2 protein chains.
Amino acid sequence: MIDKAIQAIAEPRRRDILHLVRDGELTSSAIASHFDISAPAISQHLKVLEEAGLVVVRRAGTKRFYGIRREGFFEIKQLIESFWDDSLLRLKEAAEEEERRKHESNQQK
Amino acid sequence: MIDKAIQAIAEPRRRDILHLVRDGELTSSAIASHFDISAPAISQHLKVLEEAGLVVVRRAGTKRFYGIRREGFFEIKQLIESFWDDSLLRLKEAAEEEERRKHESNQQK
DNA sequence: GCATTATTTAAGTTGACACTTAATTAAGTA
DNA sequence: TACTTAATTAAGTGTCAACTTAAATAATGC
């Protein structure tokens with residue numbers, strides 16, 4: 001799933017779509033009106049986002065409202081934090097500092 | 001830059017490479033030994049990662065040591081958190097709850 | 001200088017994917 | 001039923017990126 005999610009956000013227009021639906025649901029055509037590509041192209045992007053678990057659809061008559069699915073970002077968030085994490089980084093630096101002090105005191109012998 | 005960074009981590013082998021160099025530097029060939037693709041292919045992936053600011057190179061003789069560049073993940077981290085952020089989410093929910101209460105008291109008039 | 005090792009650059013191939021237009025599905029309404 | 005609106009699916013095209021092998025660069029040792 002994380003593969004699909006990362007693939008999905010790798011496309012700039014899909015990130016734009018995510019920003020558009022971040023604070024409220026929008027229909028496919030409302031989303032499409034923000035872009036200069038065709039409605040089918042938007043529909044295809046929405047499908048990718050949905051299959052990646054990053055958006056959800058709510059059907060109402062002939063309209064389909066797309067909204068963000070926050071949990072879908074959890075795995076990516078964890079991945080990124082495994083590389084860039086405040087607490088882990090500080091722990092590592094503290095360990096290195098400790099190591100350095102050890103070596104210094106050894107050299108003084 | 002964030003475009004390049006996201007593009008870079010979208011490729012599964014590049015994520016594998018990042019995991020490999022996460023806890024210490026490795027040479028191009030040491031990295032390549034973990035994969036069944038050619039050395040040039042790895043070199044090309046490393047170039048993409050470097051241009052995205054996710055790894056750094058240290059040259060030593062004929063060898064080149066690749067290591068992770070943690071700051072490179074900062075922008076992606078921020079992007080993801082703009083969609084999935086504990087504190088922001090709670091703020092938004094609190095605001096919505098507040099809004100709901102307002103409407104209720106209006107309806108009672 | 002020549003050989004060796006480590007790695008990259010060059011050039012070409014292939015498959016995926018982001019589009020397009022045309023056709024189709026689906027729901028509501030006169 | 002036929003019409004309209006909203007959106008998707010189908011089919012085809014062009015571009016790009018992930019690979020390949022072969023050639024080139026770069027540093028080191030004899």
Side-chain angles (χ1 to χ4, degrees), chain A residues 1-21 24-69 72 76 79, chain B residues 1-21 24-69 72 76 79:
Chain A
M1 202 72 193
I2 191 167
D3 277 68
K4 280 192 176 180
I6 297 187
Q7 280 291 342
I9 63 163
E11 221 290 322
R13 277 169 212 78
R14 284 197 289 262
R15 286 202 298 281
D16 291 341
I17 291 175
L18 288 171
H19 279 125
L20 279 173
V21 301
E25 296 177 324
L26 286 177
T27 62
S28 186
S29 47
I31 293 166
S33 70
H34 287 84
F35 298 89
D36 56 357
I37 58 176
S38 67
I42 296 297
S43 182
Q44 286 155 22
H45 280 312
L46 288 170
K47 190 179 182 183
V48 172
L49 288 170
E50 194 191 352
E51 286 176 350
L54 301 180
V55 302
V56 281
V57 199
R58 180 174 60 84
R59 301 173 75 138
T62 76
K63 295 182 180 175
R64 301 192 191 181
F65 288 89
Y66 286 86
I68 208 152
R69 184 170 168 276
I76 309 182
L79 176 83
Chain B
M1 201 73 193
I2 191 167
D3 277 69
K4 280 191 176 181
I6 297 187
Q7 281 291 341
I9 63 163
E11 221 290 323
R13 277 167 212 80
R14 285 197 287 263
R15 286 202 299 280
D16 291 341
I17 291 175
L18 288 171
H19 279 124
L20 279 173
V21 301
E25 296 177 324
L26 286 177
T27 62
S28 185
S29 46
I31 293 165
S33 70
H34 287 83
F35 298 89
D36 57 357
I37 57 176
S38 68
I42 296 297
S43 182
Q44 287 155 21
H45 281 312
L46 287 169
K47 190 179 182 183
V48 172
L49 288 169
E50 194 191 352
E51 287 176 350
L54 302 180
V55 301
V56 280
V57 198
R58 180 174 60 85
R59 301 172 75 137
T62 75
K63 296 181 178 174
R64 300 192 191 182
F65 288 89
Y66 286 87
I68 209 152
R69 184 170 168 275
I76 309 181
L79 176 82

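Lettering follows sequence order; numbering is per chain, from 1. The basis for the numbers below is simple: all heavy atoms, side chains too, and nothing from hydrogens, waters or symmetry mates. A quick note: this is a predicted structure, and the numbers were derived from the prediction, not measured.
Taking atom CZ of A/R15 as the reference point, atom P of C/dA18 lies 12 Å away to the nearest angstrom. Between A/F35 atom CZ and C/dC19 atom C1' there is a gap of 14 Å when expressed in whole angstrom units. Computed from coordinates, the A/D3 CG to C/dC17 C1' distance equals 16 Å when rounded to whole Å. When rounded to the nearest whole Å, the span between CD1 of B/I17 and C1' of C/dT7 equals 14 Å. If you measure from atom CG of B/L26 to atom P of C/dT7, you get 10 Å, rounded to the nearest angstrom. Between the NZ atom of B/K63 and the C1' atom of D/dT25 there is a distance of 18 Å, rounded to whole Å. Atom-to-atom, NZ of B/K47 to C1' of C/dA10 comes out at 11 Å; the value is rounded to the nearest Å. Between B/I31 atom CD1 and C/dA6 atom C1' there is a gap of 13 Å when expressed in whole angstrom units.
You'll find the side chain of B/H45 reaches within 4.5 Å of the side chain of B/I37, heavy atoms only. Inter-residue side-chain proximity for B/I17 and B/E11 is flagged as unmet; no heavy-atom pair is nearer than 4.5 Å.
Distances shorter than 4.0 Å separate none of the side-chain N or O atoms of A/Y66 from OP1 or OP2 on D/dA6.
Put simply, CZ on B/R13 and CG on B/D36 are 7.5 Å apart, with the number rounded to the nearest 0.5 Å. To the nearest 0.5 angstrom, B/Y66 atom OH is 7.5 Å from B/I31 atom CD1.
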Next item on the list: Quick one, give me the B/S/- string for nucleotides 24-30 of chain C, reading 5' to 3', where B means a protein heavy atom under 4.0 Å from the base and S means that only happens at the primed atoms, P, OP1 or OP2.
Entry: ---BS--
Notebook entry, point to check: When every nucleotide of nucleotides 18-24 of chain D is labelled 5' to 3' by its protein contacts under 4.0 Å (heavy atoms), B for base, S for sugar-phosphate only, - for none, what sequence of letters results?
Noted result: SBBBB--
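Legend: residues meeting side chain to side chain donor-acceptor pair (under 3.5 Å) with B/Q44, ordered by chain and number and at least two apart, are absent.
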Next item on the list: Could you walk me through whether B/L79 and A/H19 pass the side chain to side chain contact (heavy atoms under 4.5 Å, CB included) test, one step at a time?
Entry: CA-CA 10 Å; B/L79 176 82; A/H19 279 125; 3.8 Å; yes
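Closest of all the heavy-atom pairs between B/D3 and A/P12 is OD2-CG, 3.8 Å.
Proximity of a side-chain donor or acceptor of B/R69 to a complementary backbone N or O of B/G53 within less than 3.5 Å is detected. Checked by atom type and distance alone, the side chain of A/R14 never pairs as donor or acceptor with a backbone atom of A/I9 at under 3.5 Å.
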